[in-house]
Number of protein chains: 2
Amino acid sequence: MTRTQKVGSPPTTELILREAARLFSSKGFHGTSTREIADAVGIRQPSLFHHFPSKHAIAEALFQYDYDRSPGLQLRPELPDATPPVRLFQITRREVLVELTSAYDLRGLYLSALMDDPEFAHWRATYEQSLSAAGDLIREGIKTGDFVDKDPTMAVEILDALVNQAVRWAPRHRDLSLPDEAAEMALRLVIKRPSRIPAIRREADRLLVAAGTPWPEEIALATQTR
Amino acid sequence: MTRTQKVGSPPTTELILREAARLFSSKGFHGTSTREIADAVGIRQPSLFHHFPSKHAIAEALFQYDYDRSPGLQLRPELPDATPPVRLFQITRREVLVELTSAYDLRGLYLSALMDDPEFAHWRATYEQSLSAAGDLIREGIKTGDFVDKDPTMAVEILDALVNQAVRWAPRHRDLSLPDEAAEMALRLVIKRPSRIPAIRREADRLLVAAGTPWPEEIALATQTR
DNA sequence: CCAGCAGCCTATCAATCGATAGGCTGAGCA
DNA sequence: TGCTCAGCCTATCGATTGATAGGCTGCTGG
């Protein structure tokens with residue numbers, strides 16, 4: 001960065017990601033022009049291409065940002081040795097927290113069919129793998145008798161929709177209780193005995209402390225690009 | 001219709017709606033060009049404008065089609081005198097059935113932020129009213145002690161996501177058991193005693209028969225435009 | 001039988017799209 | 001001091017967009 005940068009103002013690349021994400025979520029990727037993004041940032045449209053080689057690359061960076069922060073997408077679920085209900089609870093509240101604390105408004109990536117574009121097929125595949133892993137978890141819970149014996153595919157798709165909905169909340173709520181509440185509802189979808197939910201939550205908290213990665217007491221907003 | 005029409009082939013206006021809906025759902029409204037629609041139908045691009053005055057009008061017709069078939073969007077919920085759990089069950093399975101038996105693939109209308117476009121603000125308002133009514137139903141159920149006392153807004157948004165998910169199922173499943181299963185899951189989200197669900201379902205069936213509008217035994221696919 | 005017109009066509013429009021070429025400027029460094 | 005180059009600019013590209021103008025054809029109702 002050689003050009004003078006206004007004190008306290010984020011670097012331009014960061015601003016581009018922020019404004020592009022906001023516009024993608026309100027008008028969609030295809031409905032947003034590079035000129036609109038540039039206007040929102042306060043630069044001219046061709047200047048965008050000094051920071052990203054193409055419009056697709058901007059969305060790509062946002063996908064990557066989300067991936068880097070999401071254990072679920074990385075297929076590295078937390079508490080792999082816990083019981084299915086505890087794992088489902090933890091996975092759900094983690095994914096909701098990730099979306100809730102995102103530095104960017106990622107709704108545009110997941111609320112449209114953007115992942116179905118051939119250019120983003122890689123992210124679609126990653127996403128499907130993550131859903132498939134969730135399906136395995138549900139099936140395991142049915143086997144152990146913790147979950148009701150309903151179609152696991154439908155359950156997964158509703159859980160997916162629940163987390164996607166959390167992406168919509170992100171700009172509105174900044175409340176740390178939200179991930180826990182959303183995860184409780186997710187659990188209620190499939191669990192046989194809802195009365196156990198408080199114990200499951202305590203167990204998740206306990207295991208996280210034991211693992212040296214306690215669940216955050218207060219919310220911390222992410223800011224860095226990667 | 002004066003021009004010769006191939007026997008057994010739907011009228012062109014119908015074909016346009018069908019193909020446009022399919023393309024909107026896979027590439028988004030803004031990501032679909034009128035030439036793509038015309039190619040899929042088998043006519044030239046300007047010929048589209050003899051059936052619809054604009055590209056927006058095609059999406060408008062699809063919104064209207066969905067509205068006309070959805071009691072929820074019309075704010076005319078079924079079984080208004082039943083208990084909150086029975087009404088929630090019935091509303092959910094009805095909306096899922098409506099999406100499941102739609103003649104068109106309506107995912108493109110609701111899975112993107114299309115309703116946020118100023119041209120479709122009217123549908124956004126209608127949609128929000130329908131969600132608001134669902135919130136009132138949840139609150140009533142909390143008051144009667146049937147539902148758990150959790151944030152009704154979050155519950156409604158998850159129910160909304162669940163029905164939207166059903167829109168995604170539409171092209172895949174054509175199984176009449178699906179609406180009932182989806183509605184059971186919706187009920188599990190908020191109900192205090194899940195063991196009551198079978199009785200709630202029987203009660204809904206009974207009330208529908210009493211009202212002279214029994215729940216369909218087998219699926220009937222909609223075809224007419226309006 | 002023929003006038004009207006629905007339905008489709010070709011040709012073409014202005015606007016907008018994402019992207020490129022090349023020039024200016026000023027901070028950082030030798 | 002003077003070279004380098006990141007960062008932004010203006011000007012402009014070809015492609016594609018949604019939409020219009022106007023002509024041809026053949027069914028249909030009077």
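All heavy atoms count here, side chains included; hydrogens, waters and symmetry mates do not. Small disclaimer: the values here were computed from a predicted structure and weren't measured. In the text below, chain A, chain B and the rest are named by the order of the sequence lines, each starting its count at 1.
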Rounding to 10°, can you tell me the angle the first-five-pair axis of the helix from C/dC1-D/dG30 to C/dA30-D/dT1 makes with its last-five-pair axis? 10°

How many whole angstroms separate atom CD1 of B/Ile16 from atom P of C/dG7? 10 Å

Distance in angstrom units between B/Leu48 CG and C/dA6 C1', rounded: 16 Å

What residues form a ring-ring contact (aromatic ring centres under 6.0 Å, His included) with B/Phe89, not counting sequence neighbours? none

A/Tyr67 meets the ring-ring contact (aromatic ring centres under 6.0 Å, His included) criterion, sequence neighbours left out, with A/Trp123

Name all residues meeting the side-chain hydrogen bond (donor to acceptor under 3.5 Å, both in side chains) criterion together with B/Ser25; count only those two or more places apart in sequence or in a different chain, and write none if there are none. B/Asp105

Set of side-chain hydrogen bond (donor to acceptor under 3.5 Å, both in side chains) partners for B/Tyr110, sequence neighbours left out: B/Asp66

Can you pull every protein N or O that's under 3.5 Å from an N or O on nucleotides 14-21 of chain D?
{"unit_1": "D/dG18", "atom_1": "OP1", "unit_2": "B/Thr32", "atom_2": "O", "d": "3.4"}
{"unit_1": "D/dG18", "atom_1": "OP1", "unit_2": "B/Lys55", "atom_2": "NZ", "d": "2.9"}
{"unit_1": "D/dG18", "atom_1": "OP2", "unit_2": "B/Thr34", "atom_2": "N", "d": "2.8"}
{"unit_1": "D/dG18", "atom_1": "OP2", "unit_2": "B/Thr34", "atom_2": "OG1", "d": "3.0"}
{"unit_1": "D/dG18", "atom_1": "N7", "unit_2": "B/Arg35", "atom_2": "NH1", "d": "3.1"}
{"unit_1": "D/dG18", "atom_1": "O6", "unit_2": "B/Arg35", "atom_2": "NH2", "d": "3.2"}
{"unit_1": "D/dA19", "atom_1": "OP2", "unit_2": "B/Lys55", "atom_2": "N", "d": "2.8"}
{"unit_1": "D/dA19", "atom_1": "N7", "unit_2": "B/Gln45", "atom_2": "NE2", "d": "2.8"}
{"unit_1": "D/dA19", "atom_1": "N6", "unit_2": "B/Gln45", "atom_2": "OE1", "d": "2.8"}

From NE2 of A/His51 over to P of D/dC5, roughly how many Å is that when rounded to an integer? 18 Å

Out of A/Arg87, A/Arg94, A/Arg93, which one pairs with A/Glu78 under the salt bridge (charged side-chain N to carboxylate O under 4.0 Å, His left out) rule? A/Arg94

Which residues pass the side-chain hydrogen bond (donor to acceptor under 3.5 Å, both in side chains) test with B/Lys27, sequence neighbours left out? B/Glu36

Which residues share a side-chain hydrogen bond (donor to acceptor under 3.5 Å, both in side chains) with B/Arg44, sequence neighbours left out: none

Among all residues two or more places apart in sequence or in another chain, which pass the ring-ring contact (aromatic ring centres under 6.0 Å, His included) test with A/His50? none

Given atom CZ of B/Arg44 and atom P of C/dC9, what is their separation to the nearest angstrom? 6 Å

